There are 2 protein chains.
Amino acid sequence: MNPKIRAQFEARAKIIKAMAHPTRLFLVDHLAQNGPRCVCELTEMVGDDMSTVSRHLSVLKQAGIVEDERHGTEIHYSLRMKCVLNFFNCVEAVLERDVRERMKLAGCGR
Amino acid sequence: MNPKIRAQFEARAKIIKAMAHPTRLFLVDHLAQNGPRCVCELTEMVGDDMSTVSRHLSVLKQAGIVEDERHGTEIHYSLRMKCVLNFFNCVEAVLERDVRERMKLAGCGR
DNA sequence: CTTATATTTGTAAATTTAGCCAATTATGCA
DNA sequence: TGCATAATTGGCTAAATTTACAAATATAAG
């Protein structure tokens with residue numbers, strides 16, 4: 001991998017990495033389902049410290065996946081790139097295929 | 001996030017995490033473009049130690065994204081879930097949108 | 001059986017990431 | 001101005017990830 005190619009894949013990985021955490025995945029899903037939401041509400045949903053949730057949101061924002069807008073004292077986050085929801089489809093496909101193949105293997109053992 | 005929901009998002013995150021590394025992204029891309037390939041060739045393409053590449057491949061395999069098959073002394077890896085290629089489309093969309101918006105912002109400064 | 005090649009695994013060091021608490025910043029309101 | 005609420009940031013520790021080197025394994029060939 002030459003430096004140019006490497007840089008390209010690093011940029012891509014950075015975006016995927018932003019999605020690669022259960023809490024951040026949950027946040028993306030929740031924003032997709034419910035539209036813009038303040039950090040306070042998201043914090044309540046997640047159940048971690050607000051500072052932790054805020055940091056997760058900032059990772060997503062840095063990656064360009066969500067965006068924020070201030071409303072008075074609250075800051076509302078919303079999904080900027082809806083296409084990330086496509087990730088879920090494929091992820092489910094992988095999980096389901098795993099389940100199926102594991103069942104098949106279990107059957108063979110009899 | 002109750003434990004059940006959390007477990008669900010952890011399972012999803014594990015798969016996305018497997019993709020969240022420049023080398024692994026490159027490996028997936030390369031397998032998609034060129035079909036099954038041995039570790040030796042992939043190692044040469046990547047340019048890291050073979051043990052490192054082997055570990056990356058095992059992460060992808062564990063996640064169910066690639067699969068392997070032995071051919072004599074070589075082990076050939078291939079893409080098991082082609083849908084992960086959809087990730088690339090969205091990632092490119094994010095990167096392009098970033099570029100566009102940054103150009104627009106730069107223009108405003110004049 | 002011994003050797004050579006391909007791959008994986010053990011291990012340890014370096015780096016990154018996650019999470020919490022405390023402190024700071026930003027805003028609206030009395 | 002001073003207080004209250006919302007959110008971010010600094011600082012720290014714990015945990016996870018990445019990586020290379022060395023050692024072990026697996027297979028084919030002589």
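Every value quoted in this text rests on a predicted model; they were computed, and no experiment measured them. Reckoned from all heavy atoms, side chains included, excluding hydrogens, waters and symmetry mates. All chains are named by letter (A, B, ...) in the order of the sequence lines, taking the proteins before the strands, and each is independently numbered beginning at 1.
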Quick check on [N]: is either OP1 or OP2 less than 4.0 Å from any side-chain nitrogen or oxygen of [X]?
X	N	result
A/Ser51	C/dC20	no
B/His76	C/dA6	no
A/Tyr77	D/dT8	yes
B/His21	D/dT19	yes

With the threshold set at 4.0 Å, does a side-chain nitrogen-carboxylate oxygen contact exist between [X] and [Y]?
X	Y	answer
B/Arg80	A/Asp98	yes
B/Arg70	B/Glu74	no
B/Glu44	B/Arg37	no

Parallel, tilted or perpendicular: which fits the ring planes of A/His56 and A/His21, with parallel below 30° and perpendicular above 60°?
tilted
Distance-minimising heavy-atom pair for A/Met19 and A/Leu25
O-CD1, 3.2 Å
When the distance from [atom1] of [X] to [atom2] of [N] is rounded to whole Å, what number comes out?
X	N	atom1	atom2	answer
B/Leu42	C/dT7	CG	C1'	12 Å
A/Lys61	D/dA7	NZ	P	13 Å
B/Asp48	D/dT17	CG	P	18 Å
A/Glu69	C/dA26	CD	C1'	16 Å
A/Arg37	D/dA7	CZ	P	13 Å
A/Asp49	C/dA22	CG	C1'	10 Å
B/Asp68	C/dA6	CG	P	17 Å
A/Met50	D/dT5	CE	P	12 Å

If you check every side-chain atom of [X], which of [options] has the closest atom?
X	options	answer
B/Thr52	D/dA20, C/dA6, D/dA7	D/dA20
B/Glu74	C/dT7, C/dC20, D/dA7	C/dT7
A/Ile75	C/dT7, D/dT8, D/dA26	D/dT8
B/Ser54	D/dA20, D/dT18, C/dT8	C/dT8
A/Arg70	D/dA20, C/dG19, C/dA26	C/dA26

Under 4.0 angstrom, heavy atoms only, what part of the nucleic acid is A/Lys17 near: base, sugar-phosphate, or nothing?
sugar-phosphate
Just to be sure I understand the rule, does B/Arg55 reach a base, reach only the sugar-phosphate, or reach nothing, if contact means heavy atoms closer than 4.0 Å?
base
Would you mind telling me which residue lines up with the more 5' stretch of DNA chain C, A/His71 or A/Gly47, judged by nearest nucleotide?
A/Gly47
Closest-nucleotide 5' rank along DNA chain C - winner of A/Thr23 and B/Ser58
B/Ser58
Is atom CD of A/Glu67 surrounded by more than 12 heavy atoms (other residues, nucleotides or ligands) closer than 6.0 Å?
yes
